[in-house]
Amino acid sequence: MATTLKSGMQAGLAVQRAAVVPLQRQASQWRNHKGRTMPQSKPAITRAQGRGQQAANAAKKPLKAAQQTSLFQGLAQAQGQLNDSNVSWKTFLGLSLLAGVTFGSFIQVSHNNPNLPVYDHFTFNIDVLKGQILAYDPQNFNLGIAKQSGLVPLLLAPIWLLFPYLQVLTDQYNSDDPATIEANSDGKAGSLAYNLLLWGSITAAFLLSGYVYLNDFPHWQCSLILSVTAFLNWKAFDNTKQGLFLAALLTVGAPLTETVIVNGLHLWHYDRPDFFGVPHWAGWCYAQYATGTGNFGRYLWKKLQS
């Protein structure tokens, strides 16, 4: 009796399993069909990922184009606002050019005297103490002797025309920035003493560049020292994002331009270049020139507005 009962129970369980297992399989297939757990082959996954990446890239393109359009529109709006002011562009650019060929050429002596660079055309020495013009002697390092070239005003003119304008334009574009507001305050942009202090600091950096150059400091040390002075002058006398951008632009662009001039036009040369005939660490000196001419542009614009 017990044996018969046990056999009947086993048979019943077998029938139950036979009925449940197919139902479980159907449920599993249904879930897979709904896309929850359905396994995919590796090529299918790769194709899906590729389509997803293409869609993401396609979505980024309109955003990038919109950002570029917004930048150009913002600069165009800033230009329009400057045009609507009472400042004459002819006066602003004319005075910038005049400052470059006079004051700029005077400051450049601090670079010329340590032979950064040695000019090959239209050269002469000036005995500042006696007020005499002498024959050019690049090895004359006597006190009171200023080495100069008639090329200097022409070479400085593009910087003094472009960078004061770019500073004023980008300041207008970023006029809501607190650092920009401070840089254009009466105590800074509007102060002649403040600007003269800046140019005194730049001249000191130029003299330091001549010292490390003439005393055969390794080029990497020259670069390190002048990069520190460039950063400190920007931080102390500018401290704006657009000022940093303009300094970086001249840091890179000026040595590349010099490379073409030195090797192609042969207007000047360097006794101790690092490569391609130019000590490219001099770009840090140009960075400070960008800070100086940019602040001059602020000063001049402010004075012409008043």
Side-chain angles (χ1 to χ4, degrees), residues 72 75-76 78-112 117 119 121-122 148-175 180 183-184 188-190 192 195-196 198-199 202-203 206 230 233-234 237-238 240 242-262 264-265 267-268 282-306:
F72 294 140
L75 290 173
Q79 180 65 61
Q81 292 169 343
L82 294 176
N83 291 341
D84 292 339
S85 69
N86 61 344
V87 177
S88 165
W89 281 114
K90 290 182 179 180
T91 303
F92 177 81
L93 295 176
L95 291 176
S96 295
L97 178 61
L98 179 62
V101 299
T102 54
F103 179 75
S105 297
F106 172 75
I107 294 296
Q108 186 63 24
V109 170
S110 61
H111 249 190
N112 296 347
Y119 290 96
H121 302 281
F122 310 111
Q148 194 56 279
S149 168
L151 294 173
V152 170
L154 298 176
L155 299 171
L156 292 180
I159 297 176
W160 280 86
L161 277 174
L162 183 60
F163 279 82
Y165 161 71
L166 289 177
Q167 188 69 74
V168 171
L169 176 65
T170 53
D171 278 357
Q172 184 64 38
Y173 172 80
N174 202 28
S175 58
T180 302
N184 283 277
K188 291 189 174 182
L192 178 60
N195 279 271
L196 291 177
L198 164 60
W199 279 102
I202 292 173
T203 302
F206 285 0
N233 273 325
W234 167 80
F237 296 98
D238 186 289
T240 66
Q242 60 271 21
L244 183 62
F245 169 76
L246 293 177
L249 183 64
L250 200 54
T251 301
V252 176
L256 292 178
T257 304
E258 274 207 65
T259 301
V260 175
I261 293 174
V262 167
L265 301 179
L267 298 181
W268 65 79
W284 296 117
C285 297
Y286 282 108
Q288 297 170 82
Y289 221 98
T291 301
T293 54
N295 271 276
F296 170 80
R298 289 169 175 155
Y299 172 79
L300 180 59
W301 188 268
K302 205 168 187 65
K303 291 303 179 184
L304 291 175
Q305 278 186 316
S306 60

Tell me, do [X] and [Y] make a side-chain contact under 4.5 Å, heavy atoms counted?
X	Y	answer
T291	F163	no
V252	L256	yes
T240	F245	no
W234	L244	yes
Q172	W301	no
L95	T91	yes
S88	L304	no

Output the distance between atom [atom1] ([X]) and atom [atom2] ([Y]), rounded to the nearest 0.5 Å.
X	Y	atom1	atom2	value
T257	Y286	OG1	OH	8.0 Å
D171	Q242	CG	CD	4.5 Å
F122	L154	CZ	CG	9.0 Å
I261	L267	CD1	CG	6.5 Å
L166	T170	CG	OG1	6.5 Å
Q108	L151	CD	CG	11.5 Å

What are the two closest heavy atoms between [X] and [Y], and how far apart are they?
X	Y	answer
Y173	A78	N-CB, 3.7 Å
S105	P153	OG-CG, 3.6 Å
P255	G283	CG-CA, 3.6 Å
G100	L156	O-CD1, 3.9 Å
I202	Q288	CD1-O, 3.2 Å
F237	R298	O-NH1, 4.4 Å

Go through L75 and Q79 one step at a time and tell me if the side chain to side chain contact (heavy atoms under 4.5 Å, CB included) criterion holds.
CA-CA 6 Å; L75 290 173; Q79 180 65 61; over 6 Å; no
Carefully, step by step, assess L155 and W268 under the rule side chain to side chain contact (heavy atoms under 4.5 Å, CB included).
CA-CA 11 Å; L155 299 171; W268 65 79; 2.8 Å; yes
Does the pair N295 and Q167 meet the rule for a side chain to side chain contact (heavy atoms under 4.5 Å, CB included), with working shown?
CA-CA 8 Å; N295 271 276; Q167 188 69 74; 5.7 Å; no
Verdict with supporting geometry, V260 and L265, side chain to side chain contact (heavy atoms under 4.5 Å, CB included):
CA-CA 7 Å; V260 175; L265 301 179; 5.8 Å; no
From W89, F296, W160, F92, residue fulfilling ring-ring contact (aromatic ring centres under 6.0 Å, His included) relative to Y165
W89
Do Y289 and W199 have ring centroids that are under 6.0 Å from one another?
yes
Side chain S149, main chain H121, donor-acceptor under 3.5 Å:
yes
Considering only NZ, NE, NH1 and NH2 on the basic side and carboxylate oxygens on the acidic side, decide whether K188 and D238 come within less than 4.0 Å.
no
Have Q148 and N112 got a donor and an acceptor in their side chains that come within less than 3.5 Å?
yes
